[in-house]
Number of protein chains: 4
Amino acid sequence: MSATSHLRADARRHHELIVNTARTVFAEQGPEAAMDEVARLAGVGPAVLYRHFPDRDALVRAVLEDALERMTDLAESARTEETWAFDALSRFVRGCAELRLDPLVSVIGTRIAIGDGGARLLEALERIVDAAHHEGALREDVGAGDVMGAVGLLVRGLPTLPAGLAQDLRERTAHLVLAGMRAHPAPAPPRSPMTAEELRRRITG
Amino acid sequence: MSATSHLRADARRHHELIVNTARTVFAEQGPEAAMDEVARLAGVGPAVLYRHFPDRDALVRAVLEDALERMTDLAESARTEETWAFDALSRFVRGCAELRLDPLVSVIGTRIAIGDGGARLLEALERIVDAAHHEGALREDVGAGDVMGAVGLLVRGLPTLPAGLAQDLRERTAHLVLAGMRAHPAPAPPRSPMTAEELRRRITG
Amino acid sequence: MSATSHLRADARRHHELIVNTARTVFAEQGPEAAMDEVARLAGVGPAVLYRHFPDRDALVRAVLEDALERMTDLAESARTEETWAFDALSRFVRGCAELRLDPLVSVIGTRIAIGDGGARLLEALERIVDAAHHEGALREDVGAGDVMGAVGLLVRGLPTLPAGLAQDLRERTAHLVLAGMRAHPAPAPPRSPMTAEELRRRITG
Amino acid sequence: MSATSHLRADARRHHELIVNTARTVFAEQGPEAAMDEVARLAGVGPAVLYRHFPDRDALVRAVLEDALERMTDLAESARTEETWAFDALSRFVRGCAELRLDPLVSVIGTRIAIGDGGARLLEALERIVDAAHHEGALREDVGAGDVMGAVGLLVRGLPTLPAGLAQDLRERTAHLVLAGMRAHPAPAPPRSPMTAEELRRRITG
DNA sequence: AATGAATGAGTTTTCATTCAT
DNA sequence: GATGAATGAAAACTCATTCAT
């Protein structure tokens with residue numbers, strides 16, 4: 001049951017429309033995007049936005065909660081659909097990066113912690129980690145909190161770099177983190193090694 | 001020889017003073033910190049700041065270049081002072097996080113790449129990586145670019161979490177990445193596993 | 001039908017209020033008058049001004065268009081109310097000077113030409129000139145463009161001189177221009193000749 | 001004897017250099033041109049400018065005095081070189097427009113009157129006017145002050161219009177004023193009549 | 001005396017948020 | 001409840017002028 005289910009149909013539509021627009025705007029224009037801009041792109045007046053979200057913080061939280069919900073869904077699908085728990089873990093870690101959470105993280109600053117959405121996500125993740133411990137693929141000295149921490153760092157991305165390069169580096173780092181978590185020797189990271197030479201070429205290119 | 005060496009003595013002093021102040025202010029107040037605030041805390045008028053850095057971008061770049069220089073110094077000391085190259089690598093990765101580079105990364109956006117300072121850093125890093133390959137401790141399928149990428153993600157930090165927790169998670173993730181890079185089995189990550197339970201306690205704490 | 005007719009009642013009121021205030025302020029304080037000062041004297045916040053006129057140029061253009069509209073009205077009244085077309089011409093030329101257009105002219109610089117308002121004014125003026133040609137009072141080798149040019153110079157005024165003197169000189173010059181335009185000998189300029197002696201006395205006075 | 005003759009050679013050179021630069025800068029960038037810009041284009045530091053001219057007003061006055069001196073020279077050459085006084089008058093009126101005095105006029109505002117340079121100019125002009133009265137070409141009811149007033153209006157120009165058009169209109173208006181000053185019927189204004197049609201074409205063109 | 005850095009008040013402009021229609 | 005105009009507090013940036021080198 002969503003938190004918006006008690007609203008009138010049009011109000012709920014506005015709520016979702018604004019959150020979706022805000023996610024896009026924050027991802028594209030950075031964390032300082034103007035509230036008016038969000039309203040304009042959502043096709044509503046600023047007052048409508050403020051009726052739904054009393055201030056900027058509330059909007060940011062809403063987008064964050066929405067993202068956490070998506071991450072939880074991701075964890076659940078991975079868990080139920082993958083045969084091996086470590087594969088589910090791997091799929092979860094890799095999938096999170098696509099949510100474009102980065103701009104929000106710095107905006108929120110230290111003002112809020114993870115909240116309810118985070119609690120549900122952590123529970124979902126815990127189920128995967130427990131299973132991965134049981135199957136013996138995950139080191140016993142690595143916990144669900146470690147996975148959350150690693151994901152939290154990975155989702156931020158490398159915005160100063162060309163998109164394709166940033167993507168490759170994120171994938172390779174994700175692989176290395178997962179390799180470090182394995183109880184047994186890991187396979188090679190995806191694609192060829194990222195040498196200094198290749199990094200130079202792709203940055204300047 | 002620094003790029004500021006052609007300035008009059010008082011101007012050079014101001015230049016450095018402003019960069020140092022800006023690093024602190026950006027780290028504490030986030031990337032939107034007011035330029036006037038930087039000037040005020042540096043004890044100069046806004047116009048002095050603008051004489052040295054024509055716009056916000058120029059100041060951000062200067063702080064970034066400064067940080068890259070520090071990272072390069074860090075890489076060099078680690079390389080010359082550590083017996084084993086992998087230990088130097090490890091020391092470098094862990095040390096970078098303390099430079100509080102995070103707020104800058106999102107401000108700069110995609111506008112600039114790494115520039116000269118980044119090139120020098122990459123060269124220094126390459127020397128360590130080559131040595132670590134030679135000593136057989138670093139997987140051959142991991143390059144200097146991978147290290148840069150991992151560091152780039154690690155330095156961002158987890159600003160939404162309590163400082164001590166964010167620090168612990170960053171250290172443990174750094175350890176896991178390094179473990180994933182090792183040619184041979186890695187020692188346990190520092191301290192106890194970060195379980196979901198501990199994460200909950202320390203977030204709400 | 002004014003260009004502002006699609007605005008809400010309060011917005012239209014503000015629009016006109018700001019233009020009227022701006023005309024006065026520019027006339028009194030010169031073309032560099034602070035935008036905030038215009039807003040303050042109009043009794044609105046600066047943001048209201050900027051909502052209506054996105055930058056200084058837009059405000060200046062609005063005042064100019066408004067003035068052109070007044071000049072057009074002046075031309076039309078003169079044409080319909082005077083028996084002789086040359087008298088209408090004379091009344092128009094003399095009347096324009098009172099619109100205090102001067103400060104605007106230099107601000108606009110070469111960025112805009114006369115625009116729509118100017119086109120309408122020119123048409124109104126053309127009707128008078130044609131009639132004056134027909135009645136034989138205006139030289140055939142003087143056109144409506146000449147009248148516009150002369151008016152453009154006359155409206156600038158002589159801001160360095162005492163107001164009364166500047167006024168007298170403008171009136172006498174207007175008379176001389178009109179005299180130069182007549183097909184037949186002209187009557188004497190108004191008042192006594194402006195001798196060097198009188199000019200000296202009134203400048204230093 | 002120039003007012004700068006008591007200065008050291010290099011200082012006098014600077015004085016003239018700055019005045020010349022300022023005339024150009026004011027003419028090109030308008031009356032709000034930055035003092036620093038004048039200094040920069042003159043190739044001196046701002047402090048040198050301020051040593052010579054204690055504030056903006058002083059610089060503006062200096063440029064104005066310089067222009068008045070040039071106008072006086074112009075009047076004198078016209079008087080001695082032309083056979084007929086009215087031709088000298090005509091040459092003077094037409095020649096003044098080229099001095100680009102316009103931007104200064106609005107800067108000075110009502111703060112200064114014409115000063116010493118103006119007095120000398122007026123004397124020179126008076127000699128021409130007296131001669132023109134004697135030769136019977138100039139109406140007796142037009143004095144030297146009238147000529148000054150007309151010139152004051154003519155020099156301002158029409159900065160919103162294309163340069164060639166502004167030039168033509170100024171010449172034709174000058175002709176009309178001179179025609180209005182003649183004791184006897186005047187020849188036709190230069191070139192073809194400026195019709196509304198031609199004005200439209202040249203503004204939009 | 002020349003230089004160019006420092007000053008700080010002032011300007012334009014933006015934006016989160018509230019309020020009248 | 002939706003709309004879009006108003007608000008005023010800030011922020012970035014500029015510039016005339018002064019001062020240390």
Side-chain angles (χ1 to χ4, degrees), chain A residues 7-8 10-11 14 32-40 43-59, chain B residues 6-15 17-18 32-40 42-59, chain C residues 6-15 18 32-40 42-59, chain D residues 7-8 10-11 14 32-40 42-59:
Chain A
L7 296 173
R8 244 172 51 185
D10 59 342
H14 271 155
E32 315 161 52
M35 296 294 268
D36 278 24
E37 179 77 353
V38 175
R40 202 175 52 77
V44 301
V48 177
L49 191 158
Y50 276 91
R51 169 167 302 278
H52 287 278
F53 308 97
D55 56 20
R56 182 194 205 83
D57 223 59
L59 176 59
Chain B
H6 63 287
L7 293 175
R8 234 167 60 180
D10 55 346
R12 188 161 61 251
R13 219 180 326 110
H14 272 151
H15 190 100
L17 174 61
I18 291 171
E32 310 165 55
M35 296 292 268
D36 281 25
E37 178 78 353
V38 174
R40 201 175 53 75
V44 300
V48 178
L49 191 158
Y50 278 94
R51 166 179 283 274
H52 287 277
F53 308 98
D55 55 22
R56 182 190 211 83
D57 221 60
L59 178 58
Chain C
H6 63 288
L7 294 174
R8 232 166 63 179
D10 55 347
R12 188 161 61 251
R13 217 180 327 110
H14 272 150
H15 190 99
I18 291 171
E32 310 165 56
M35 296 292 268
D36 279 27
E37 177 78 354
V38 174
R40 201 175 53 75
V44 301
V48 178
L49 191 158
Y50 277 92
R51 166 177 282 275
H52 288 276
F53 307 98
D55 55 22
R56 183 190 210 81
D57 221 60
L59 177 58
Chain D
L7 296 173
R8 244 175 49 186
D10 59 342
H14 271 153
E32 315 162 52
M35 296 294 267
D36 279 24
E37 179 77 354
V38 174
R40 201 174 54 76
V44 301
V48 176
L49 192 158
Y50 276 91
R51 168 167 301 278
H52 287 278
F53 308 97
D55 57 19
R56 184 194 202 81
D57 224 60
L59 176 58

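What's counted below: heavy atoms across the whole structure, side chains too, no hydrogens, waters or symmetry copies. Note that the structure is a prediction, hence the values are computed from the model and not measured. We name chains A, B, ... by the order of the sequence lines, and we start the count at 1 in each one.
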Whole angstrom is fine here: how far is it from [atom1] in [X] over to [atom2] in [N]?
| X | N | atom1 | atom2 | value |
| --- | --- | --- | --- | --- |
| B:Arg40 | F:dA12 | CZ | P | 13 Å |
| D:Asp57 | F:dT17 | CG | C1' | 14 Å |
| B:His15 | E:dG4 | NE2 | P | 18 Å |
| D:Met35 | F:dT18 | CE | P | 11 Å |
| D:Asp55 | F:dT17 | CG | C1' | 10 Å |
| C:Arg12 | E:dT21 | CZ | C1' | 13 Å |
| C:Phe53 | E:dT11 | CZ | C1' | 19 Å |

Closer to the 5' end of DNA chain F via nearest nucleotide, is it D:Glu37 or A:Asp36?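 Of the two residues, A:Asp36 wins.
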Results of ring-ring contact (aromatic ring centres under 6.0 Å, His included) for D:Phe53 - residues two or more places apart only: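 Listed in chain order: D:His15.
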Using the rule given for side-chain contact (heavy atoms from CB on, under 4.5 Å), can you reason through C:Val48 versus C:Arg51, listing the C-alpha separation, both sets of side-chain angles and the distance that settles it, and then say yes or no? CA-CA 5 Å; C:Val48 178; C:Arg51 166 177 282 275; 5.6 Å; no
Of the listed nucleotides [options], the one nearest the side chain of [X]:
| X | options | answer |
| --- | --- | --- |
| B:Ala34 | E:dT18, F:dA12, F:dT17 | F:dA12 |
| B:Tyr50 | E:dA16, F:dA6, F:dT14 | F:dT14 |
| B:Pro46 | F:dT17, F:dC13, E:dT7 | F:dC13 |
| B:His14 | E:dA6, F:dT17, F:dA12 | E:dA6 |
| A:Val48 | E:dT14, F:dA2, E:dT17 | F:dA2 |
| B:Arg56 | F:dA12, F:dA16, E:dT12 | F:dA12 |
| C:Arg51 | F:dG4, F:dA11, E:dT12 | F:dG4 |
| C:Ala47 | E:dT14, F:dG4, F:dT18 | E:dT14 |
| D:Val44 | E:dT3, F:dC13, E:dT11 | E:dT3 |

Classify A:Ala39 by what it touches in the nucleic acid, base, sugar-phosphate, or nothing, heavy-atom distance under 4.0 Å.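 Nothing: the residue A:Ala39, judged by heavy atoms under 4.0 Å, touches no strand.
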Minimum heavy-atom distance [X]-[Y], with the two atoms named:
| X | Y | result |
| --- | --- | --- |
| C:Arg56 | C:Met35 | CA-CE, 3.4 Å |
| C:Ile18 | C:Leu49 | CD1-CA, 3.9 Å |
| C:Asp36 | C:Pro46 | OD1-CB, 3.9 Å |

So, is D:His52 close to the E:dA1 phosphate, meaning a side-chain N or O under 4.0 Å from OP1 or OP2? no
Taking only Watson-Crick and G-U wobble pairs with both distances under 3.5 Å, what dot-bracket line describes DNA chain E, where [ ] shows pairs that cross earlier ones and | shows pairs with another strand? .||||||||||||||||||||
